[in-house]
*Asks:* 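First the structure, which I've put down as structure tokens, then a few questions once you've had a look.
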Amino acid sequence: MKKTRILIADDHAILAEGLRRVLEPEFEVVGLVSNGEDLVSAANQLSPDVIITDITMPVMNGIDAATQLRSQGNSSKLIFLTMHRDVAYARRAMEAGAVGYLLKHSVSAELTTAISVVLQGRTYMTPMIAGELLESYRGADQSAGKTAKRLTTRQREVLQLVAEGRSAKEVARALGISVRTAEAHKAKILETLELGNTTELVQYAIRNGIISSEW
């Protein structure tokens, strides 16, 4: 019987290797990547059945990578395995196309269950935050998420890099654009999100799960 093919994305190499060891008796792990940009590339190249990804990763976070994959027509089942139990992260992950969301301190049996559930075409949400997530959909203000969606893919890339503390020169180098273009993107982001400065931009990125407060 053909094994389910899984791609793992996590910038913590020890954790990713640990996941591989946990999953490989039952599944085929086709690759390990450490950032969102490599995740998009590997997913399109390998076409795994399931992608297990962290949210907070360098260069491009897991949620933006998921958004790109969905916009490119990638149909792999996306499961987020993260330390973030705040429902803001879970909401953004689901809106980006995830069909599973678990916390990293979940037992390995829960991950196996989640994989089985999503392969059946259903959605798995860890019971640890499922109730809070439902309540957030019932009553929360969704304006922040709608505002973020007005950003272009490039602006979202710049937003993450600036929020991670990169200078305009470093952003330009990472994205292969000029410093002036990087600065122009940042200015447009501040205008679109109605933010006054870089500090407010970082706070916005943390509130909306674009980066972790541990950066």
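One-based numbering along the sequence shown. Values below: every heavy atom of this structure, side chains too, minus hydrogens, waters and symmetry copies.
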*Asks:* Determine the minimum heavy-atom distance between A168 and A182, stating which atoms define it.
*Replies:*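 Result for this residue pair: O-CB, 3.8 Å.
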*Asks:* Atom CG in L111, atom CD1 in I79: separation rounded to 0.5 Å?
*Replies:*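 Taking CG in L111 and CD1 in I79, the distance rounds to 6.5 Å.
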*Asks:* Is any side-chain heavy atom of M94 closer than 4.5 Å to a side-chain heavy atom of T123?
*Replies:*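 Touching, per the 4.5 Å side-chain cut-off.
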*Asks:* Could you tell me if S41 and E37 have a donor-acceptor pair between their side chains, going purely by distance under 3.5 Å?
*Replies:*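 Side chains of E37 and S41: no pair found under 3.5 Å.
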*Asks:* Between I52 and L7, is there a side-chain heavy-atom distance shorter than 4.5 Å?
*Replies:*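 With C-beta onward as the side chain, the pair stays apart.
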*Asks:* Determine whether V40 and L81 fall in the same hydrophobic cluster, where Ile, Leu, Val, Met, Phe, Trp and Tyr are linked whenever their side-chain heavy atoms lie under 4.5 Å apart.
*Replies:*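 No; tracing contacts between hydrophobic side chains, which count when under 4.5 Å, never links both residues.
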*Asks:* Distance-only, no hydrogens or angles: does the R5 side chain make a donor-acceptor pair with backbone N or O of L46 under 3.5 Å?
*Replies:*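 At least one qualifying donor-acceptor pair exists.
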*Asks:* I need the minimum non-hydrogen distance between A43 and N74, along with the two atoms involved.
*Replies:*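 Shortest heavy-atom contact: O-ND2, 3.5 Å.
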*Asks:* So, taking the atom named CD in E17 and the one named CD1 in I8, what distance separates them when rounded to the nearest 0.5 Å?
*Replies:*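 So the CD of E17 and the CD1 of I8 are separated by 8.5 Å.
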*Asks:* Can H185 and I177 be said to form a side-chain contact (heavy atoms from CB on, under 4.5 Å), step by step?
*Replies:* CA-CA 11 Å; H185 280 308; I177 59 180; 4.1 Å; yes
*Asks:* One pair to check against side-chain hydrogen bond (donor to acceptor under 3.5 Å, both in side chains): E110 and T126. What are the steps and the verdict?
*Replies:* CA-CA 8 Å; E110 186 181 6; T126 179; 2.9 Å; yes
*Asks:* Any side-chain heavy atom of Y89 sitting closer than 4.5 Å to one from Y101?
*Replies:*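 A side-chain contact exists here, since the closest heavy-atom pair is under 4.5 Å.
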*Asks:* Going from OG on S75 to CZ on R70, what distance comes out if it is rounded to the nearest 0.5 angstrom?
*Replies:*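 Atom-to-atom, S75:OG and R70:CZ are 7.5 Å apart.
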*Asks:* How close do T53 and M57 get, counting heavy atoms only, and between which atoms?
*Replies:*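 So the minimum-distance heavy-atom pair works out to OG1-CE, 3.4 Å.
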*Asks:* Salt bridge between R156 and D64, side-chain N to carboxylate O under 4.0 Å?
*Replies:*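 Yes, charged N to carboxylate O under 4.0 Å.
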*Asks:* Less than 4.0 angstrom from a charged side-chain N to a carboxylate O is my criterion; do D10 and K104 meet it?
*Replies:*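 The answer is yes: the pair qualifies as a salt bridge.
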*Asks:* Answer yes when R154 and E157 have at least one side-chain N-carboxylate O distance shorter than 4.0 Å, and no when they do not.
*Replies:*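 Yes.
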*Asks:* I'd like to know if V99 and L119 are part of one continuous hydrophobic network [Ile/Leu/Val/Met/Phe/Trp/Tyr, side-chain heavy atoms within less than 4.5 Å].
*Replies:*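 Per the 4.5 Å side-chain linkage, L119 and V99 are co-clustered.
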*Asks:* Are the side chain of Q160 and the backbone N or O of N61 linked by a donor-acceptor pair below 3.5 Å?
*Replies:*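 Yes.
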*Asks:* Check this for me: does any side-chain nitrogen of one of E95 and R92 sit under 4.0 Å from a carboxylate oxygen of the other?
*Replies:*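 No, no charged N to carboxylate O under 4.0 Å.
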*Asks:* Which pair of non-hydrogen atoms, one from A174 and one from R166, has the smallest distance, and what is that distance?
*Replies:*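 Closest heavy-atom pair between A174 and R166: CB-NH1, 4.4 Å.
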*Asks:* Quick check: are there more than 12 heavy atoms from other residues, nucleotides or ligands sitting under 6.0 Å from CD of Q155?
*Replies:*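 Atom CD in Q155 is crowded, with more than 12 foreign heavy atoms closer than 6.0 Å.
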*Asks:* Ion pair present between E183 and K186, side-chain N to carboxylate O less than 4.0 angstrom?
*Replies:*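 A salt bridge is absent here (no side-chain N lies under 4.0 Å from a carboxylate O).
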*Asks:* Donor-acceptor pair, distance only, cut-off 3.5 Å: does the side chain of S76 make one with the backbone of P48?
*Replies:*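 Indeed, once roles are kept as given, a pair shorter than 3.5 Å links the two residues.
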*Asks:* Is there side-chain contact between I55 and M83, with at least one heavy-atom pair below 4.5 Å?
*Replies:*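 SC-SC contact between I55 and M83 ruled out.
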*Asks:* For side-chain contact (heavy atoms from CB on, under 4.5 Å), just list the numbers for F80 and D54, CA-CA rounded to whole Å, side-chain angles, deciding distance to a tenth of an Å, and then say yes or no.
*Replies:* CA-CA 6 Å; F80 279 88; D54 195 2; over 6 Å; no
*Asks:* Once rounded to the nearest 0.5 Å, what's the spacing between atom CD of E194 and atom CD1 of I189?
*Replies:*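 The CD atom of E194 sits 14.5 Å away from the CD1 atom of I189.
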*Asks:* Under a 4.5 Å cut-off applied to non-hydrogen side-chain atoms, are L190 and L201 in contact?
*Replies:*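 Yes. Closest side-chain heavy atoms under 4.5 Å.
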*Asks:* Could you walk me through whether K188 and T192 pass the side-chain contact (heavy atoms from CB on, under 4.5 Å) check?
*Replies:* CA-CA 6 Å; K188 187 62 179 177; T192 301; 4.1 Å; yes
*Asks:* Quick check: do L69 and N44 have side-chain heavy atoms less than 4.5 Å from each other?
*Replies:*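 Yes. Closest side-chain heavy atoms under 4.5 Å.
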*Asks:* Taking all non-hydrogen atoms of both residues into account, name the closest pair between K3 and D49 and its distance.
*Replies:*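 Looks like O-OD2, 4.2 Å.
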*Asks:* Linking I/L/V/M/F/W/Y whenever any side-chain heavy atoms sit under 4.5 Å apart, do V33 and I51 land together?
*Replies:*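 In one cluster: yes.
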*Asks:* Between H105 and M128, does a side-chain contact (heavy atoms from CB on, under 4.5 Å) hold up when you go through it step by step?
*Replies:* CA-CA 11 Å; H105 51 271; M128 295 181 185; 3.8 Å; yes
*Asks:* When you compare the side chains of T112 and E26, does any donor N or O come within less than 3.5 Å of an acceptor on the partner?
*Replies:*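 No pair is found: no donor N or O on one side chain lies under 3.5 Å from an acceptor on the other.
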*Asks:* Would a hydrophobic clustering, with Ile, Leu, Val, Met, Phe, Trp and Tyr connected at side-chain separations under 4.5 Å, put L102 with V50?
*Replies:*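 As far as the 4.5 Å side-chain criterion goes, V50 and L102 are connected within one cluster.
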*Asks:* Hey, are the side chains of L15 and L19 touching, using non-hydrogen atoms and a 4.5 Å cut-off?
*Replies:*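 With C-beta onward as the side chain, the pair touches.
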*Asks:* Measure the CD-NZ distance between Q120 and K77 for me, rounded to the nearest 0.5 Å.
*Replies:*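 One finds 10.5 Å between CD of Q120 and NZ of K77.
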*Asks:* Side chains of T181 and S178: do they bring a donor and an acceptor to under 3.5 Å?
*Replies:*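 Their side chains do contain a donor-acceptor pair, which is all the 3.5 Å distance test asks for.
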*Asks:* Mind checking the CG-CG spacing from L39 to L32? Nearest 0.5 Å is all I need.
*Replies:*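 Reported value, rounded in 0.5 Å steps: 11.5 Å.
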*Asks:* Grab the two heavy atoms, one from S34 and one from P58, that are nearest each other, plus how far apart they are.
*Replies:*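 Shortest heavy-atom contact: O-CD, 3.7 Å.
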*Asks:* What about L195 and V171, same hydrophobic cluster or not, with Ile/Leu/Val/Met/Phe/Trp/Tyr joined at side-chain heavy-atom distances under 4.5 Å?
*Replies:*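 L195 and V171: one cluster.
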*Asks:* Taking C-beta and beyond as the side chain, do I115 and L23 meet within less than 4.5 Å on heavy atoms?
*Replies:*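 Of all side-chain heavy-atom pairs linking L23 with I115, at least one is under 4.5 Å.
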*Asks:* Counting only N and O atoms by type, is there a donor-acceptor contact under 3.5 Å from the side chain of R85 to the main-chain atoms of I129?
*Replies:*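 Such a contact is absent between R85 side chain and I129 backbone.
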